[in-house]
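Here is the structure we will look at.
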2 protein chains.
Amino acid sequence: MNAPSPDRSRTRRPGRAARAHGKRSREAILDAAESLLAERGFAGTGIAAIRERSGLPASSIYWFFENKEDLAAAVVERAMDRWTKMLGETRDTAPPGELFDRLMRRALDEMGHALPPFLRLEMMLALERGAQDPALLARLRAGRETGRRMTEDALADAFSKLGDRARPLAADLSSLAIAWTQGALVGHLLDPERIDLDALADELGVALAAVADHRLKRERSP
Amino acid sequence: MNAPSPDRSRTRRPGRAARAHGKRSREAILDAAESLLAERGFAGTGIAAIRERSGLPASSIYWFFENKEDLAAAVVERAMDRWTKMLGETRDTAPPGELFDRLMRRALDEMGHALPPFLRLEMMLALERGAQDPALLARLRAGRETGRRMTEDALADAFSKLGDRARPLAADLSSLAIAWTQGALVGHLLDPERIDLDALADELGVALAAVADHRLKRERSP
DNA sequence: ATCGTATTGGAACGTTCACTACACTAGATT
DNA sequence: AATCTAGTGTAGTGAACGTTCCAATACGAT
């Protein structure tokens, strides 16, 4: 009916989904690997465990991924993409002036319910593999940097009354905001009764405002 | 000379240090295991690696410790003891009114230079093994609780002008202070250039004061 | 000098590890 | 109908794992 296949060289059209389970199997493997890596870390997660949890044989795992490291990197990449997308959506729908509050609240909310696996994943891999696998560390850093830059924008928005001081201050405090948020989340994981995530979004804003004030004062009179 | 050994049953006097290298070997194994566990986690640390780094054969490791888990527990115990001792000393030598500042500064200072291995150890084992090894998790929690209680004392001291509100507020904020400190330290590990540990002791105090204020205000007018 | 015992050295144990080889099937293409 | 290939199933590979065994050692006490 339509244009006949040109027979010069084997230009196989890559779309068309060859076998039904292709992408679905890949996702199943990534799902299994993600939860296992978050639970047990890289060294603690065996291919056998991924095979069991995903229901797919080892040969399929090695069909989609070069080796265990490559699989872990793919897991991180997918998780980072989800995270970035969520942050972007929040930013695009929040009214100005409330950006920081919304962002923090959304992050805490999301993390408090669905994302501890992701948080665990990031921390575990950073701590365990960061020193040995620079490529993975770079990927983790890139994801962290994306989050940081969005936090910086949100803080600049929150500090907008400070004029041209707002931006550098926001850049400076964004790392602190992320670090503190992350610390609180880890605290919540280790000791859920003592860290009240609901109260935190408010209080982090208050705390950062106080630190900003402190820094500005020190800037004037060293 | 002294009392002759009573021959009823084999009551061997346990003191007296039998072989010269006994305790020293045990410490060497603990040292090697501690650094390796902090670097690579539990699953990532093999007995072979501990043997190499400590210079002692596997049989010695299994002479002093029942198995790998027991060794990890001993590592944690020793690290926690050091930590507790250091905090206690700081508390006992700090003048009242400056307790919190001193404690935070000392903790950050110590951690910034000597203790990242310890921090890594705590976090890695908590994240990696916590779910599977309740005894280890309990030990980690106990150490964390000791630190928290000392922080609570220090904060109560800092808030002393608030009278009888000081203590509950201090108890409440101590967890937050620890979580934030820990978050900042992890941030420093992942991104050393962006988190300035030296500035943090000041600013954490400022931030906590602001949060305390915020909570008191909300308490009055809900 | 001899003995007992706290350690060490080294070689094994069975199991699990990451990974591979290869026959095979299902669905798309011809 | 025949062919092709993305993906699956099974059975394996050598290496590394945690752990054990036991002979060899060296020191303290006798």
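Residue numbers start from 1 in every chain, and the chains themselves are labelled A, B, ... in the order their sequence lines are given, proteins ahead of strands. Quantities reported herein were computed from a predicted structural model and do not represent experimental measurements.
Residue pairs meeting the side chain to side chain donor-acceptor pair (under 3.5 Å) criterion with at least one member in residues 62-72 of chain A, sequence neighbours excluded, are A:E69-A:R129.
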Sequence neighbours excluded and cut-off under 3.5 Å, please list the side-chain donor-acceptor pairs for residues 30-40 of chain B, or say none.
from: B:D31; atom 1: OD1; to: B:R78; atom 2: NH1; distance (Å): 3.0
from: B:D31; atom 1: OD1; to: B:R78; atom 2: NH2; distance (Å): 2.8
from: B:E34; atom 1: OE1; to: B:R78; atom 2: NH2; distance (Å): 2.9
from: B:E34; atom 1: OE1; to: B:R82; atom 2: NH2; distance (Å): 3.3
from: B:E34; atom 1: OE2; to: B:R82; atom 2: NH2; distance (Å): 2.7
from: B:S35; atom 1: OG; to: B:D31; atom 2: O; distance (Å): 3.4
from: B:S35; atom 1: OG; to: B:A32; atom 2: O; distance (Å): 3.0
from: B:S35; atom 1: OG; to: B:R53; atom 2: NH1; distance (Å): 2.9
from: B:E39; atom 1: OE1; to: B:R53; atom 2: NH2; distance (Å): 3.4
from: B:E39; atom 1: OE2; to: B:R53; atom 2: NH1; distance (Å): 3.1

Grab the N/O contacts between the protein and nucleotides 17-24 of chain C below 3.5 Å, and write none if there aren't any.
from: C:dA18; atom 1: OP1; to: A:T45; atom 2: O; distance (Å): 3.1
from: C:dA18; atom 1: OP1; to: A:K68; atom 2: NZ; distance (Å): 2.9
from: C:dA18; atom 1: OP2; to: A:I47; atom 2: N; distance (Å): 2.7
from: C:dC19; atom 1: OP2; to: A:Y62; atom 2: OH; distance (Å): 2.9
from: C:dC19; atom 1: OP2; to: A:K68; atom 2: N; distance (Å): 2.8
from: C:dC19; atom 1: O5'; to: A:Y62; atom 2: OH; distance (Å): 3.4

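When rounded to the nearest whole Å, the span between CH2 of B:W63 and P of C:dT5 equals 11 Å. One atom, CZ of B:F65, and another, P of C:dT8, lie 12 Å apart when rounded to the nearest Å. Between the CZ atom of B:F64 and the P atom of D:dG18 there is a distance of 19 Å, given to the nearest Å. To the nearest angstrom, P of C:dA26 lies 16 Å from CZ of A:R24. Taking atom CZ of A:R40 as the reference point, atom P of C:dT16 lies 14 Å away to the nearest angstrom. D:dG9 atom P lies 11 Å from atom CD1 of A:I29, rounded to whole Å. When the C1' atom of D:dT10 is taken as reference, atom CG of A:L56 falls 15 Å away, rounded to whole Å. When the C1' atom of D:dG12 is taken as reference, atom CZ of A:R51 falls 13 Å away, rounded to whole Å.
Between B:S60 and C:dT8, a side-chain N or O to OP1/OP2 separation shorter than 4.0 Å is present.
Taking the side-chain hydrogen bond (donor to acceptor under 3.5 Å, both in side chains) definition, one finds that A:R139 meets it with A:E77, sequence neighbours left out. The side-chain hydrogen bond (donor to acceptor under 3.5 Å, both in side chains) check on A:E128 picks up nothing, with sequence neighbours excluded. Here B:R141 pairs with nothing under the side-chain hydrogen bond (donor to acceptor under 3.5 Å, both in side chains) rule; sequence neighbours left out.
A donor-acceptor contact shorter than 3.5 Å is absent between the side chain of B:R167 and the backbone of B:A156.
Nucleic acid contact for A:I61: none, since no nucleic acid atom lies under 4.0 Å from a heavy atom of the residue.
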